[in-house]
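To start, the structure itself, in structure tokens.
Positions are given from 1, in the same order as the sequence printed here. Indexing begins at 1, ligand by ligand and atom by atom, following the structure's order.
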Amino acid sequence: MSKTHPFIPYHPERFSESEMMHRAESFFQLMNKRRTVREFSDDPVPMELIRKLIMTASTAPSGANKQPWTFCIITNPELKQQIRLAAEKEEKRNYEERMSKRWLEDLEHLETDWQKAFLEEAPCLVAVFKRVYELEESEEKHNNYYVSESVGLATGLFIAAIHQAGLSSLTYTPSPMNFLSKLLKRPDNERPYLLIPIGYPAANAMIPDQPRISEEKVIFSYA
Ligand SMILES: Cc1cc2nc3c(=O)[nH]c(=O)nc-3n(C[C@H](O)[C@H](O)[C@H](O)COP(=O)(O)O)c2cc1C
């Protein structure tokens, strides 16, 4: 079929059904071992690896292919300390004043509190920003499309890639998060989306024993 714009052929490899099942089962087994870690070792992680994991995240689909994401890698100890202090200031207010009783109850089993030592302990923090608009040369603002969905998909791929490479991460959402824009001097069209400490779990790391939702509750079939 003739096209007006540039198109290229696309022929991904096809597998037999049993090979697909085998591949899907292995990927499920791998991903099912992923857990959120809140206690990190300070062992360094290779920067080249982090950059590759980010570029994997950046293969995600996005609304109108705007790829509206920016990933900032933070390893500088002073900056990590500033981020921790700013996050803990907000978190203290969250835990002591702003979070509802119900919310605190829902968090109880995680045994988290306002103190966020992982922000200094993890060797690497990645701050994910969503680009809500692009600034054209004419200074005109062009809004991007489905920005949160797109950046969520990229972050999901990022977390999967981190785990697949053999590292652990925490999906962290300090609230409000605008201190990240200031500390990292990000432009106005970028909004903080998530902060992801990455590294190896501490030797004595513990994780909450929580179940995954069952297949019956997740899947509804309309054959
Ligand atoms: C959008 C989002 C925000 C989260 N925010 C926090 C957070 O601020 N602090 C935290 O300790 N964990 C946070 N988590 C981690 C969840 O608590 C964790 O994913 C959940 O308990 C399931 O555990 P698992 O990731 O080990 O399967 C967040 C996860 C998501 C997806």
Side-chain angles (χ1 to χ4, degrees), residues 27-41 53-54 57 60 68-72 74 80 83-130 132 146-181 183-184 190-202 204-215 217-218:
F27 192 57
F28 168 74
Q29 292 300 341
L30 172 72
M31 291 314 300
N32 199 28
K33 289 202 186 86
R34 183 211 55 81
R35 290 299 313 274
T36 291
V37 162
R38 297 179 181 83
E39 295 158 331
F40 288 89
S41 135
L53 302 176
I54 292 174
W69 44 70
T70 306
F71 291 74
C72 299
I74 304 126
K80 284 198 296 176
I83 290 174
R84 176 181 177 180
L85 290 174
E88 287 185 338
K89 195 172 157 200
E90 297 296 350
E91 293 282 22
K92 196 159 191 306
R93 284 194 64 197
N94 288 340
Y95 277 83
E96 290 176 0
E97 301 165 35
R98 295 194 284 226
M99 279 149 85
S100 65
K101 189 166 164 282
R102 176 66 191 266
W103 193 349
L104 289 169
E105 279 167 13
D106 277 339
L107 289 180
E108 247 168 38
H109 72 286
L110 300 177
E111 299 202 14
T112 54
D113 59 28
W114 64 268
Q115 295 184 77
K116 304 297 172 188
F118 52 72
L119 292 173
E120 283 191 88
E121 285 163 3
C124 170
L125 308 178
V126 170
V128 184
F129 286 81
K130 56 179 185 183
V132 286
Y146 294 106
V147 171
S148 293
E149 292 83 349
S150 303
V151 184
L153 288 166
T155 308
L157 280 184
F158 186 43
I159 292 167
I162 291 167
H163 175 70
Q164 196 269 345
L167 293 174
S168 292
S169 65
L170 162 61
T171 314
Y172 179 48
T173 41
S175 174
M177 257 197 274
N178 42 1
F179 64 85
L180 283 173
S181 306
L183 286 173
L184 302 176
E190 292 185 9
R191 307 284 150 76
Y193 184 76
L194 284 172
L195 182 57
I196 308 187
I198 302 169
Y200 302 93
N204 56 353
M206 301 281 281
I207 51 168
D209 185 8
Q210 46 188 13
R212 298 211 192 271
I213 191 171
S214 67
E215 189 170 326
K217 285 190 178 155
V218 178

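Residue contacts with ligand 1 for Leu170 involve side-chain atoms from C-beta outward but no N, CA, C or O (heavy atoms, distance under 4.0 Å).
Residue contact check: Tyr172 has heavy atoms under 4.0 Å from atoms 7 (C), 8 (O), 9 (N) of ligand 1. Using a 4.0 Å cut-off to heavy atoms of Leu110, the atoms of ligand 1 that qualify are 17 (O), 21 (O). With ligand atoms numbered from 1 in the order given, ligand 1 contributes 24 (P), 26 (O), 27 (O) to contacts under 4.0 Å with heavy atoms of Arg35. The contact set between ligand 1 and Arg38, taken as ligand atoms under 4.0 Å from a residue heavy atom, comprises 10 (C), 11 (O), 12 (N), 15 (C), 16 (C), 17 (O). Interface atoms of ligand 1 facing Arg212, defined by a heavy-atom separation under 4.0 Å, are 27 (O). Each of the following atoms of ligand 1 lies closer than 4.0 Å to a heavy atom of Arg34: 24 (P), 25 (O), 27 (O).
Between Glu90 and Arg98, at least one side-chain nitrogen of the basic residue sits less than 4.0 Å from a carboxylate oxygen of the acidic one, meeting the salt-bridge criterion. Looking at Glu120 and Lys80, no side-chain N of the basic residue comes within less than 4.0 Å of a carboxylate O on the acidic one, giving no salt bridge.
When only interatomic distances are considered, the shortest N/O to N/O separation between Thr173 and ligand 1 falls below 3.5 Å. Of the polar atoms of Glu91, none of the N or O atoms is found under 3.5 Å from an N or O of ligand 1, judged by distance alone. On a distance-only criterion, Thr112 and ligand 1 share no N/O pair closer than 3.5 Å.
Qualifying side-chain contact (heavy atoms from CB on, under 4.5 Å) partners for Lys101, counting only residues two or more places apart in sequence or in other chains: Glu105.
From His109, atom NE2 reaches atom CD of Glu111 across 10.0 Å, with rounding to the nearest 0.5 Å. Rounded to the nearest 0.5 angstrom, Trp69 CH2 and Phe158 CZ are separated by 13.0 Å.
Among all non-hydrogen protein atoms, the one lying nearest atom 25 (O) of ligand 1 is Thr36 OG1, 2.5 Å.
With a 6.0 Å radius and a threshold of 12 heavy atoms from other residues, nucleotides or ligands, Tyr95 has its OH atom above the threshold. Counting heavy atoms of neighbouring residues, nucleotides and ligands inside a 6.0 Å radius, atom CE of Met206 does not exceed 12 of them.
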